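Please read the structure below before turning to the comments.
Naming: A, B, ... by sequence-line order, numbering from 1 per chain. All values below come from the heavy atoms of this structure, side chains included, with hydrogens, waters and symmetry mates left out. Keep in mind that this is a model prediction, so the values were computed, not measured.
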Protein chains: 2
Amino acid sequence: MNATPLVQSFVSHFGEMGSRWGINRTVGQIYALLFVSEKPLNADEIAERLSFSRSNVSMGLKELESWRLVRLQHYPGDRREYFSTPDDVWAIFKTLAEERKKREVEPTLTMLRGAMMETAGSEADRHAQARMKEMYQLIELVTTWFSDIQHMDVETLQRLMKLGSQVQKVLQFTQSLSKLTGRDTERE
Amino acid sequence: MNATPLVQSFVSHFGEMGSRWGINRTVGQIYALLFVSEKPLNADEIAERLSFSRSNVSMGLKELESWRLVRLQHYPGDRREYFSTPDDVWAIFKTLAEERKKREVEPTLTMLRGAMMETAGSEADRHAQARMKEMYQLIELVTTWFSDIQHMDVETLQRLMKLGSQVQKVLQFTQSLSKLTGRDTERE
DNA sequence: TCAAAGTTTCAGAAATTCCTGAAAATTGAG
DNA sequence: CTCAATTTTCAGGAATTTCTGAAACTTTGA
């Protein structure tokens with residue numbers, strides 16, 4: 001690899017991390033390299049800098065494309081494809097969350113819904129179903145909330161986050177207000 | 001495996017999912033089995049129900065213990081150890097979030113801090129550092145917020161989540177209030 | 001239509017991770 | 001302390017995943 005030590009350590013960290021959760025080392029490193037790169041890179045450049053085979057890079061990029069984490073572009077008079085990552089880190093974060101939701105959460109919810117529909121054949125089954133229901137409700141609550149949040153604009157989101165647990169006070173306050181006015185701010 | 005089809009499908013789903021992110025198939029299945037089980041199980045029971053070797057189960061349980069996802073207990077007159085998962089799904093969720101933070105987020109933050117301290121040797125390095133800083137700030141904001149939220153009691157948390165994006169309105173409202181009173185609800 | 005440039009696919013080698021059985025270590029009752 | 005019950009460790013075989021080079025495919029410009 002012919003990168004500065006700075007980029008080097010960033011890239012290898014992402015390699016390791018990548019393999020810690022689903023994505024593999026190659027994919028993690030390619031992403032990291034693109035993320036810190038000043039300008040878009042083509043597949044050969046990536047292969048050279050990371051000393052991976054050209055085909056390995058091709059597969060890695062395909063994987064990253066399926067996660068919608070890279071952007072593809074062309075330069076006039078150059079037939080090669082150049083890759084880069086979106087600039088906005090918030091957007092990246094949202095994309096990641098959406099994809100993980102689609103790949104991990106949704107299938108689980110589907111499975112749980114299915115299991116909850118079955119008629120329980122035993123006391124053990126009945127207990128299992130009750131547990132699955134608890135899990136289902138938690139996951140659903142958390143993910144719905146997450147997608148609510150995703151649709152907020154970045155400013156509000158940042159304000160909310162900076163507010164931190166103080167939001168509790170705001171909530172208590174609005175609740176006492178709603179008691180006075182008789183209107184409830186909660187939906188459903 | 002000698003489980004009802006209901007439990008069966010739940011357990012194998014967790015096996016698959018497990019391997020999709022870091023944890024392996026065995027570990028995922030053991031966890032799933034314990035999660036829906038009415039009563040605590042000992043290692044032999046687990047091995048038998050999932051048709052894994054006894055030693056594999058032992059390793060899986062050790063892994064789950066390191067994630068603080070299982071609880072260990074003894075019965076009088078029985079020397080074997082019985083395993084179960086905590087009942088409260090919220091507590092489970094929090095534990096999971098804490099552990100992932102410790103294992104995945106913190107090392108990344110440390111690496112980024114290190115990289116940001118280095119003196120950039122080139123224009124490329126300077127750009128890389130700027131990118132890393134953006135990433136650092138995002139991660140820090142999100143995780144601080146997460147831990148703030150974790151310390152809220154479950155009722156408030158649920159209320160907040162049910163409120164969803166409507167929280168935006170509440171925020172706007174409090175902001176206009178704070179303009180009136182001259183006090184700001186944001187910390188820092 | 002052809003050739004050159006570039007990209008993707010894929011079979012199998014290499015590397016890694018998982019899993020097992022046997023043996024070692026630990027635990028607790030007597 | 002001894003012994004049996006139980007748990008853990010670990011070397012190496014099995015299974016899976018990753019990675020490569022060669023070949024196939026695609027695209028574009030002449």
> Taking the inter-plane angle between the rings of F14(A) and F10(A) on a 0 to 90° scale, is it parallel (under 30°), tilted (30 to 60°) or perpendicular (over 60°)?
Replying inline: tilted
Sorted by position of nearest nucleotide on DNA chain C, 5' first, the leading residue of S19(A) and R79(A) is R79(A)
Among dT9(C), dT20(D), dT20(C), the one nearest any side-chain atom of S58(A) is dT9(C)
By ring-ring contact (aromatic ring centres under 6.0 Å, His included), F146(A) pairs with (sequence neighbours left out) none
Walking DNA chain D from its 5' end, the first of A43(B) and N56(A) to be reached, judged by nearest nucleotide, is A43(B)
N42(B) CG to dT8(D) C1', in whole Å, measures 16 Å
Output, in order, the C-alpha distance, side-chain angles, deciding distance and verdict of side chain to side chain contact (heavy atoms under 4.5 Å, CB included) for D125(A) and S122(A).
CA-CA 5 Å; D125(A) 266 5; S122(A) 61; 3.5 Å; yes
*asked:* I want to check something: taking the side chain as every heavy atom from C-beta on, are I30(A) and V70(A) in contact at a cut-off of under 4.5 Å?
replied: no
Rounded to whole Å, CD of Q29(A) lies from P of dT18(D) at a distance of 13 Å
In numerical order, the residues of residues 63-72 of chain A whose heavy atoms come under 4.0 Å of DNA chain D are none
Taken to the nearest whole Å, OH/Y82(B) to C1'/dT6(D) is 12 Å
When you measure from the side-chain N and O atoms of R54(A) to the phosphate of dG21(D), is any distance below 4.0 Å, counting only OP1 and OP2? no
In whole angstroms, the gap separating P of dT16(C) from CZ of R25(A) amounts to 8 Å
5'-most contact on DNA chain C (nearest-nucleotide basis), M59(A) vs E81(A), goes to E81(A)
### Query
Do NZ/NE/NH1/NH2 and the carboxylate oxygens of E134(B) and R131(B) come within less than 4.0 Å?
yes
Per side-chain contact (heavy atoms from CB on, under 4.5 Å), Y82(A) is matched among E45(A), R71(A), H74(A) by E45(A)
- With the threshold set at 4.0 Å, does a side-chain nitrogen-carboxylate oxygen contact exist between E98(A) and K101(A)? no
Separation of dT16(D) atom C1' from N24(A) atom CG, nearest Å, is 13 Å
When rounded to whole Å, the CD1 to P distance for the pair I46(A) and dT7(C) reads 10 Å
Rounded to whole Å, the CG-P distance (L41(B) to dT6(D)) equals 16 Å
**Item:** Distance-only donor-acceptor test, S53(B) side-chain atoms vs dG21(C) base atoms, 3.5 Å
**Value:** no
inquiry  = Just N and O in the side chain of K62(B): are any of them under 4.0 Å from OP1 or OP2 of dT9(D)?
reply    = yes
In whole angstroms, the gap separating P of dT7(C) from CZ of F52(A) amounts to 18 Å
